[in-house]
Amino acid sequence: MINLLRRHLNRALIIQLAIFGVVGVSATLTHYFVALLSHERALVPLYLANILGYCAAVAISFFGHGKLTFRRELDLGVFLRFVVVSITTLAVSELLLFIMETWLVLSHRISLAVVVCTIPVITFLLSKLWVFRKPAVQP
């Protein structure tokens, strides 16, 4: 297992993971503060404010991960794949919470911890292998 990690966990990947984390935290904070300020200052209804925050976070994530984490030219195809992954991972996180709290009867603290530890890993892998993959070289 250690040899497998050494083979795949090189300096470039560690840097990429760190940038992914910084962009992810930035997007999360953006979501929170846009939603909070929209609701408290602009008196936007809470659920609409949350959608505004989510959209702002998606923009930060898309451009941040595209340009900084994966250093990729951005186009409509990349954006559509990104949206699919974003919505899918949101749905998976909700499903995981439901399963852990309803069927496994775990506390919300454990359920949330599992979600916040697994969803970013899934998101990173899908982003690296599908969303922001380098285009195939045409012969």
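Since the model is a prediction, treat every value here as computed from it, not as a measurement.
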Q: Spell out, as yes or no, whether a donor-acceptor pair under 3.5 Å connects the side chain of Ser86 to the backbone of Phe82.
A: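 Checking the backbone N and O of Phe82 against the side chain of Ser86, no donor-acceptor pair under 3.5 Å is found.
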
Q) Does Arg71 use its side chain to pair, donor to acceptor, with the backbone of Gly66 at less than 3.5 Å? A)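 Checking the backbone N and O of Gly66 against the side chain of Arg71, no donor-acceptor pair under 3.5 Å is found.
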
Side chains of [X] and [Y], heavy atoms from C-beta outward: is any pair under 4.5 Å?
X	Y	answer
Lys128	Arg133	no
Val78	Glu73	no
Phe63	Leu68	no
Leu125	Ile122	no
Phe98	Glu94	no
His31	Ile60	no
Glu101	Leu106	no
Ile119	Leu96	yes

(Q) Taking Ile14 as the starting point, is it possible to reach Phe124 by hopping between hydrophobic residues whose side chains are less than 4.5 Å apart? (A)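 Linked, Phe124 and Ile14 end up in one cluster.
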
Heavy-atom pair with the smallest gap, counting every atom of [X] and [Y]:
X	Y	value
Leu46	His39	N-ND1, 3.4 Å
Pro120	Phe20	O-CE2, 3.7 Å
Val85	Thr123	CG1-CG2, 4.5 Å
Phe132	Leu74	CE2-CD2, 3.8 Å

Q: Could you tell me if the ring centre of Tyr54 sits under 6.0 Å from that of Tyr32?
A: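 For Tyr54 and Tyr32, the ring centres are not under 6.0 Å apart.
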
